[in-house]
Novice: 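Structure below; questions to follow.
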Amino acid sequence: MGGMRTAGDLVMRMQMAKAMRLGEAKQYVADKLEVSVEDLSDNIKMDKIRRKLGLGRIRPSVQEAVDLQAKANISELLDIKINSVEKYGLSRN
Amino acid sequence: MYKTRMGSGKSIEMSREEIKSEIDKGVEAAVEDGGVDPLARDEIERLVELHCIPAKFIGIERGRELVTTFDGGSIKLKRLNISLGRIVDAQIFERVLCTDSAEFAHVDYSFKPIKPIVDSEQIEFKQALQVTVVPMFYGAMPNLSLYYEPVGSQPNPSTVMMEESDIPKARRSIEKTVEMGVKDMVFVSRKMHEVGADGINFDTVGSAGEGDFLASLQATEKLKEMYPDICIEMGMSSEFILGMHGDLEYKGVNLAGLYPHEQVQLAEKAGVTIFGPVVNVEVNKSCPWNLARSLTLYKACREASSIPIHANVGMGVGGVPMSEVPPIDATTRTSVAMAEIGKMDGL
């Protein structure tokens, strides 16, 4: 789908966390982001959304959430536990 | 005439009628080998169309893209003679290749050799998890062959059969390696889960026969008991389970000879989260034949499953030619077919 350029990693997380089939996982993520399923793979739209919500981007600015902090934000947005976030105890920024 | 390829990768030309004929034969072969339903007429027509598009690179319509998982993730770039560490490798997958997931792996990609160095693996994997965003698997192969002599402690069942014709002894040896394999798979997976893995990838499952598959199912069961939320992806090694033992069962089902649509049902019962079926490529058959056969078996697997299916496609499996440099015309046709016709959940 394009990973962090799009919402590919978020859809992947729903398959991994809840064993969701592709259609269900895409719809779940689209609903959480309040966009259409087609928007999930639009890298221009998703780049803006990821920046606004601190979900990690391919080329982040120094002020943005990256790495574990971005994962903590993803965990809260998608309402799933992310193992490394749980382990290292970060909260949303 | 349209350009296509043989399963070896060799470029050939075919008429539309010849492509249609090859696809029909590929579907028939899947039905006969796997005992599955054929593709529908409109699906076959679409597959013919995909092979008759003159463009070298074809793609899927917006919104129908698939997600991707990998085997041997962080050791793949090293094979290209690129000198880099595994953490940088994972970041390249995430930020340059823009993959939907990444995998951390040791160059000796089996659970047995990882066991004695698991502490070192944990340290580097933990570091990788702290500088990446995409979900990351830790992957390795059950590879029960490593438990046999001369590198392992158990009698090699093939040697026992050839030299002693002692079937019970050969079977006992396979059964023992299942126990040993489960122990190592659970040990390493537990360590990686405890350091923060998003998922565990049991890769190339079944390469040593049905004992290999059984060990993976049992290890999955044990890990799910320990960590109910753990994600386990099971990627297969070939299209059917080799019957090296002949009498190994899981939940009352004999494992020898199972095809993907049968394998996935057992994987699901064991607790697998994502299943990766394999269909082998025949190098002396055409790409249309191979893709039609793979697609028919993968589609049956998807229909038999309620968990996500990530079809194995590449370098000799899933309709992609047997080559270390897979041609883009073949890989894109395969990808589109898997998404549109096979309705896969990922690749």
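Residue numbers begin at 1 in each chain, while the letters A, B, ... track the order of the sequences.
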Novice: Locate the shortest heavy-atom distance separating B/Glu65 from A/Lys26; write the atom from each residue and the value.
Specialist: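 Heavy-atom minimum between the residues: O-NZ, 2.6 Å.
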
Novice: Nearest 0.5 Å, what's the CZ-CG distance between B/Arg62 and A/Leu40?
Specialist: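 If I round to the nearest 0.5 Å, the distance is 13.0 Å.
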
Novice: Please determine, among B/Glu233, B/Arg64, B/Lys126, the option with the most heavy-atom pairs under 4.5 Å with chain A.
Specialist: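 Among the listed options, the one with the most contacts to chain A is B/Lys126.
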
Novice: Shortest non-hydrogen contact from B/Val133 to A/Arg13?
Specialist: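 That would be O-NH2, 2.8 Å.
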
Novice: Determine the option with the most heavy-atom pairs under 4.5 angstrom with chain B, choosing from A/Glu38, A/Met12, A/Lys81.
Specialist: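 Winner by heavy-atom pair count: A/Met12.
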
Novice: If you count heavy-atom pairs within less than 4.5 Å of chain B, which of A/Glu24, A/Arg59, A/Lys87 leads?
Specialist: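 The answer is A/Lys87.
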
Novice: Hey, is NZ on B/Lys78 packed in by over 12 heavy atoms from elsewhere, all under 6.0 Å?
Specialist: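 Correct, the count exceeds 12.
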
Novice: Take A/Asp67 and B/Arg95 through the test salt bridge (Lys or Arg N to Asp or Glu O under 4.0 Å) and record every step on the way to the result.
Specialist: CA-CA 12 Å; A/Asp67 307 332; B/Arg95 296 176 194 203; 2.8 Å; yes

Novice: So which of B/Leu97, B/Thr69, B/Val131 has the biggest tally of heavy-atom pairs under 4.5 Å with chain A?
Specialist: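 Looking at each option in turn, the highest pair count goes to B/Val131.
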
Novice: Between B/Val195 and chain A, which part of the residue has a heavy atom less than 4.5 Å away: side chain, backbone, both or neither?
Specialist: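 It is both, since atoms from each part get that close.
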
Novice: Minimum heavy-atom separation for A/Gly8 and B/Asp100, please, with both atom names.
Specialist: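 Shortest heavy-atom contact: CA-OD1, 3.0 Å.
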
Novice: For B/Gly63 versus A/Val37, what's the shortest heavy-atom pair and its separation?
Specialist: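 Looking at all heavy atoms of both residues, the closest pair is O-CG1, 4.1 Å.
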
Novice: Show your working on side-chain contact (heavy atoms from CB on, under 4.5 Å) between B/Val134 and A/Met4 and close with a plain yes or no.
Specialist: CA-CA 7 Å; B/Val134 298; A/Met4 277 172 64; 3.9 Å; yes

Novice: Measure distances from B/Thr68 to the heavy atoms of chain A and classify the residue's part below 4.5 Å as side chain, backbone, both or neither.
Specialist: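 Just its backbone gets close to chain A.
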
Novice: Quick check for you: to the nearest 0.5 Å, what is the distance between A/Ile58 atom CD1 and B/Glu94 atom CD?
Specialist: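 If I round to the nearest 0.5 Å, the distance is 6.5 Å.
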
Novice: Is it the backbone or the side chain of B/Phe93 that comes under 4.5 Å from a heavy atom of chain A, or both, or neither?
Specialist: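 Neither the backbone nor the side chain of B/Phe93 comes within 4.5 Å of chain A.
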
Novice: Using heavy-atom distances under 4.5 Å, tell me whether B/Thr273 contacts chain A through its side chain, its backbone, both, or neither.
Specialist: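 For B/Thr273, the contact with chain A is made by backbone and side chain together.
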
Novice: Side chain, backbone, both or neither: which part of B/Ile274 has a non-hydrogen atom closer than 4.5 Å to chain A?
Specialist: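 It is the side chain, since no backbone atom gets that close.
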
Novice: Counting heavy-atom pairs closer than 4.5 Å to chain A, which one of B/Ala102, B/Gly199, B/Cys231 comes out on top?
Specialist: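 Option with the greatest count: B/Cys231.
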
Novice: Closest approach of B/Asp198 and A/Met16, non-hydrogen atoms and distance?
Specialist: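 Taking B/Asp198 first and A/Met16 second, the nearest heavy atoms are O-CE, 3.5 Å.
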
Novice: By a 4.5 Å heavy-atom criterion (distance strictly below it), what part of A/Leu10 contacts chain B: side chain, backbone, both, or neither?
Specialist: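 Neither part.
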
Novice: Using heavy-atom distances under 4.5 Å, tell me whether B/His310 contacts chain A through its side chain, its backbone, both, or neither.
Specialist: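 Just its side chain gets close to chain A.
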
Novice: Rounded to the nearest 0.5 Å, what's the gap from CZ on A/Arg21 to CE on B/Met344? Could you check?
Specialist: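 It comes to 8.5 Å.
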
Novice: For B/Lys76, does the NZ atom sit with more than 12 other heavy atoms under 6.0 Å from it, leaving out its own atoms?
Specialist: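 More than 12 heavy atoms, drawn from other residues, nucleotides or ligands, come within 6.0 Å of this atom.
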
Novice: Determine the minimum heavy-atom distance between B/Thr132 and A/Lys71, stating which atoms define it.
Specialist: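 Answer, listing the atom of B/Thr132 first, then A/Lys71: O-CE, 3.2 Å.
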
Novice: With a 4.5 angstrom heavy-atom cut-off, could you sort out which part of B/Arg302 is near chain A: side chain, backbone, both or neither?
Specialist: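 Both parts, heavy atoms under 4.5 Å.
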
Novice: Spell out, as yes or no, whether a donor-acceptor pair under 3.5 Å connects the side chain of B/Asp345 to the backbone of A/Leu22.
Specialist: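 It does hold such a pair.
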
Novice: Heavy-atom cut-off 4.5 Å, strictly under: side chain, backbone, both or neither for B/Ser305 against chain A?
Specialist: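 Both the backbone and the side chain of B/Ser305 come within 4.5 Å of chain A.
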
